[in-house]
K.L.:
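Before I ask anything, let me first share the structure, which is written out below as structure tokens.
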Amino acid sequence: MTLINTRTLLLIIPHWRLIAAGVACDQLAVVVDSDRIVDVTPAAVEHGITLGIRRREAQKLCADLQIFVDDEELSVRKFDSVVEALESVTPRIEITTGGWCSFPTRGPSRYFGGDQALAQTVVERTLKVLSAMFETDEVPSYIYPRVGVADSRFVAALAATSETSSRVQVVVSGGNAAFLAPLPVDVLTTKESPLSKAVDLVDVFRRLGIKTLGDISSLPSQELLARFGSPGLLAQQLAQGVDDRASLLRPISNVVSEESEIDPPVDRVETAVFIAKAFADRICQQLAAQGLACVRILVEVETEHGEISSRLWRHERQFTPIDITDRVRWQLEGWWKSETAPTGSLSLVRLVVDETIPDSGYQLGFWGEKTANDERAIRSFTRIQGLLGPDSVTVVQRGGGRRLVNIEQRVPFVATNFDPNRVVDLPELTDAPWPGQLPAPLPITVLPQAEKLEVVDSDGCPIRVSGRGHMESNPAYCQSKFLGRHLIVGWGGPWFLDERWWDSTKKIRQARFQFLLANDTSHLCVIENGQWWLEASYE
Amino acid sequence: MKNAAAGVSSLSDIPQMSSPRVLAQHRTLPVVDELAGLFTDGGIRRGSTIEVTGVAAVSLASALTIAVSRSGGWVAAVGLPMFGPSAASDLGIKLSRWAFVDDPGDQAGIVVDALTAGVDLILIGPDIKLRSGHGRKIVARMRERGVSIITVGKAGFCSLRPDLCLRVSEAIWTGIELGHGRLTSRKLEIERLGRGADSNIRRELVWLPNREGRLNAFDRKNKSVTFSRSSHRVSKRLFGVDEPVSWAS
């Protein structure tokens, strides 16, 4: 096996998700993904909020917390301005996610006079973009960009994230092993590592007393292979500074690419994405026939006026057709909204596979995983998203709360990574029951927007409820646009709901009622500040 | 020897297995036992259109999807933005394979057509309208791919001809009075009208929802339930056990 390491520069902008959400550093804010905190401002850290905890727990620690839902699309789109600034350094920039990109240093390093100088240049250009974004000269230190240069991507990523005072760390050529030796084995499970899923393996290492990467690399490799199989050997190679992916990467014998002229040219992103979807399917099929999977792809689009947007995209594992389509959409939307937005309609789409790895296999699950059935459904939802926009197909995600609008949340299907096995039926396990929650049975129809309602007694006087739940007379009729006017033949209530009484802007105080009407329909209504609202129905 | 005999018997099954005949039960989507009585084949015939009308139409339409969603099938709801997932989850619906297209706009025909390629059951809300050309095309696709549609409200609005009409003819709540109690459970009488083999009228009594928000078959021997005042005038006629129930009246 010939081992070719590519000397790589990796740029990380910390807390990019927060930057993309437009949060200033002194704000109390977090970004959540699937109910877990994935990014947090220094101000919020002081309240004890850490990464990985649940949204509810974070709210418990800090009531005024601003919560942003992670939006990868937005994050990548905003990152475009940084990439544009770096394109004057090198054209071969690979974007992994928002705030995270890399490029091979061979050419640019010689041009700028060494790795250190190149890294400084990258930091300066990034800072310029960031300060323009925040409209300050002084970029806050917690989002100060970090750069690592090393002989492989894995080591470069570790150098960039390592806890040193300097924000630029250059590992000398051939110095991978020496740099890695004192690091703890846990780094094997960091984001850029090919072993990022092997938490169990690292756990075993730790319990065997193998604490640093140096320990792993000094073990006899045959024993490691015998005891841990190929992941063990891979761990040793990584510890010795050999990036496994570099050795797996192979130049593609016959370049797999797809391109087509669009005639007539289109000016809608979704239409171009739809065309790219077909390409992506074909490319993945061609690769699969050779037992390969794509890890890096070049996406190029051209307009009728000759403007070109060309970008390399890297995937942490391997691209599926849906992943490729997403990258095309991100690139196009970023281009459309940038300062160099195209003036003409799109006339050409080109996808070129840049790097491949042997396909490690993707087995459709028997149960508990994606089935062929799910694949079919996902395909048709993707088609509808192409037609109506990415937010058009939604699925249920359950939150906590006392009011129905809080409990029941819909999220776009794209945001769930198309995972049909996400847990939606269970309420949050760590939480105690919500006092004041509606008892079962719950209404099956929840109006997206509550509707105004009039409730009167038998003399036609409007019904009012005092702070202590006292009513002057009994409700007899109710009327609304949605329902019409009906006699009330059964009613229950009032049940009070007093939420966030400590916050004058967000507080909610309402009284709930259940009404059974003469037409046999039943409804959940609330009165708030003297106004009746129809909130939900049991139909 | 035993194995060999088993082998021979299974060999003799092969001509049967390879014949193109498809049993009715394989051409149906599952339905929970409480509602199976409404269907001649014991389940929703694949490729059929079912119209659900009357009060509690959304509840009934959702209840029809319980078994499909639990057996790993996909359900899509078009034009039902007001659907309440918590109640559905209490009913026993597995929402992980439910998707919503709340507002298809004027592309409803294309959206439903795209869904027939991917899901097993499609719910169509009351405000969705399809052009008649789309309706015919969709029916053909549904037959071909074995996808069924349930319309909440009249199927005619979507240019679809229902194969089976389910109507809630009576809904009676328990637990609520004028000024006290709360809605606890509701008894539904569901009436089935159909075409061809389904043309005889069938009726089914269920609790939907019961005290826990679930679906329950109605046990006529259990009289320990008090009904709200509004229903007293009909309860004797509907649920009286001492006189034979005459449904035709």
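In what follows, chains carry the letters A, B, and so on, assigned in the order in which the sequence lines appear, proteins first and then strands, with residues in each chain numbered from 1.
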K.L.:
For B:Asp120, is it the side chain, the backbone, both, or neither that has a heavy atom closer than 4.5 Å to a heavy atom of chain A?
P.N.:
side chain
K.L.:
Given that the side chain runs from C-beta out, which part of B:Ser62 has a heavy atom under 4.5 Å from chain A: side chain, backbone, both or neither?
P.N.:
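Interface part for B:Ser62: side chain.
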K.L.:
Can B:Trp173 and A:Asp520 be said to form a side-chain contact (heavy atoms from CB on, under 4.5 Å), step by step?
P.N.:
CA-CA 8 Å; B:Trp173 277 98; A:Asp520 283 345; over 6 Å; no
K.L.:
Within this structure, what is the CG-CZ distance for the pair B:Leu115 and A:Phe381, rounded to the nearest 0.5 Å?
P.N.:
6.5 Å
K.L.:
What distance separates B:Leu183 CG from A:Tyr538 OH, expressed to the nearest 0.5 Å?
P.N.:
5.5 Å
K.L.:
With only heavy atoms counted, which part of B:Thr116 is less than 4.5 Å from chain A, the side chain, the backbone, both or neither?
P.N.:
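Contact with chain A: none, neither part.
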K.L.:
B:Leu178 vs A:Val489, test: side-chain contact (heavy atoms from CB on, under 4.5 Å). Steps then yes/no.
P.N.:
CA-CA 7 Å; B:Leu178 274 167; A:Val489 293; 5.8 Å; no
K.L.:
Residues of residues 140-154 of chain B under 4.5 Å from chain A (heavy atom pairs)?
P.N.:
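So no residue qualifies.
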K.L.:
Would A:Thr394 and B:Asp102 satisfy side-chain contact (heavy atoms from CB on, under 4.5 Å), going step by step from the backbone distance to the final call?
P.N.:
CA-CA 8 Å; A:Thr394 54; B:Asp102 285 345; 4.3 Å; yes
K.L.:
Working to the nearest 0.5 angstrom, can you tell me the gap between A:Ile444 CD1 and B:Phe83 CZ?
P.N.:
5.0 Å
K.L.:
Out of curiosity, B:Gln107 CD to A:Ile384 CD1, how far, rounded to the nearest 0.5 Å?
P.N.:
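Here the rounded value is 10.5 Å.
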K.L.:
Check for a donor-acceptor pair, side chain of A:Glu539 on one end and backbone N or O of B:Val55 on the other, with a separation under 3.5 Å.
P.N.:
no
K.L.:
Chain A: which of B:Leu60, B:Leu91, B:Asp103, B:Val111 shares the most heavy-atom pairs with it under 4.5 Å?
P.N.:
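It is B:Val111.
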K.L.:
Rounded to the nearest 0.5 Å, how far apart are CZ of B:Arg182 and CH2 of A:Trp495?
P.N.:
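Separation between the atoms: 7.5 Å.
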K.L.:
Please check if the number of heavy atoms outside A:Arg282 that lie under 6.0 Å from its CZ is greater than 12.
P.N.:
yes
K.L.:
Using side-chain contact (heavy atoms from CB on, under 4.5 Å) as the criterion, point out the one residue from A:Val396, A:Val395, A:Val393 that pairs with B:Phe100.
P.N.:
A:Val396
K.L.:
Side chain, backbone, both or neither: which part of B:Leu80 has a heavy atom under 4.5 Å from chain A?
P.N.:
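It is the backbone, since no side chain atom gets that close.
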K.L.:
Determine whether A:Thr445 and B:Met82 satisfy the following criterion, side-chain contact (heavy atoms from CB on, under 4.5 Å), listing intermediate values before the conclusion.
P.N.:
CA-CA 5 Å; A:Thr445 316; B:Met82 66 292 193; 3.0 Å; yes
K.L.:
Looking at A:Pro441, is its backbone amide N or carbonyl O close enough to the side chain of B:Arg214 to form a donor-acceptor pair, meaning the two atoms are under 3.5 Å apart?
P.N.:
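Looks like no, no N/O pair under 3.5 Å.
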K.L.:
Around A:Glu472, counting heavy atoms of other residues, nucleotides and ligands shown, do more than 12 lie under 6.0 Å from its CD?
P.N.:
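Atom CD in A:Glu472 is not packed in, count stays at 12 or less.
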K.L.:
May I ask you to name which of B:Pro81, B:Ala117, B:Pro209 has the most heavy-atom pairs under 4.5 Å with chain A?
P.N.:
B:Pro81
K.L.:
Taking all heavy atoms of B:Gly118 and all of A:Ser380, pick out the closest pair and write down the distance.
P.N.:
CA-OG, 3.6 Å
K.L.:
Check whether B:Ala57 gets within reach of chain A through its side chain, its backbone, both or neither, counting any heavy atom under 4.5 Å.
P.N.:
backbone
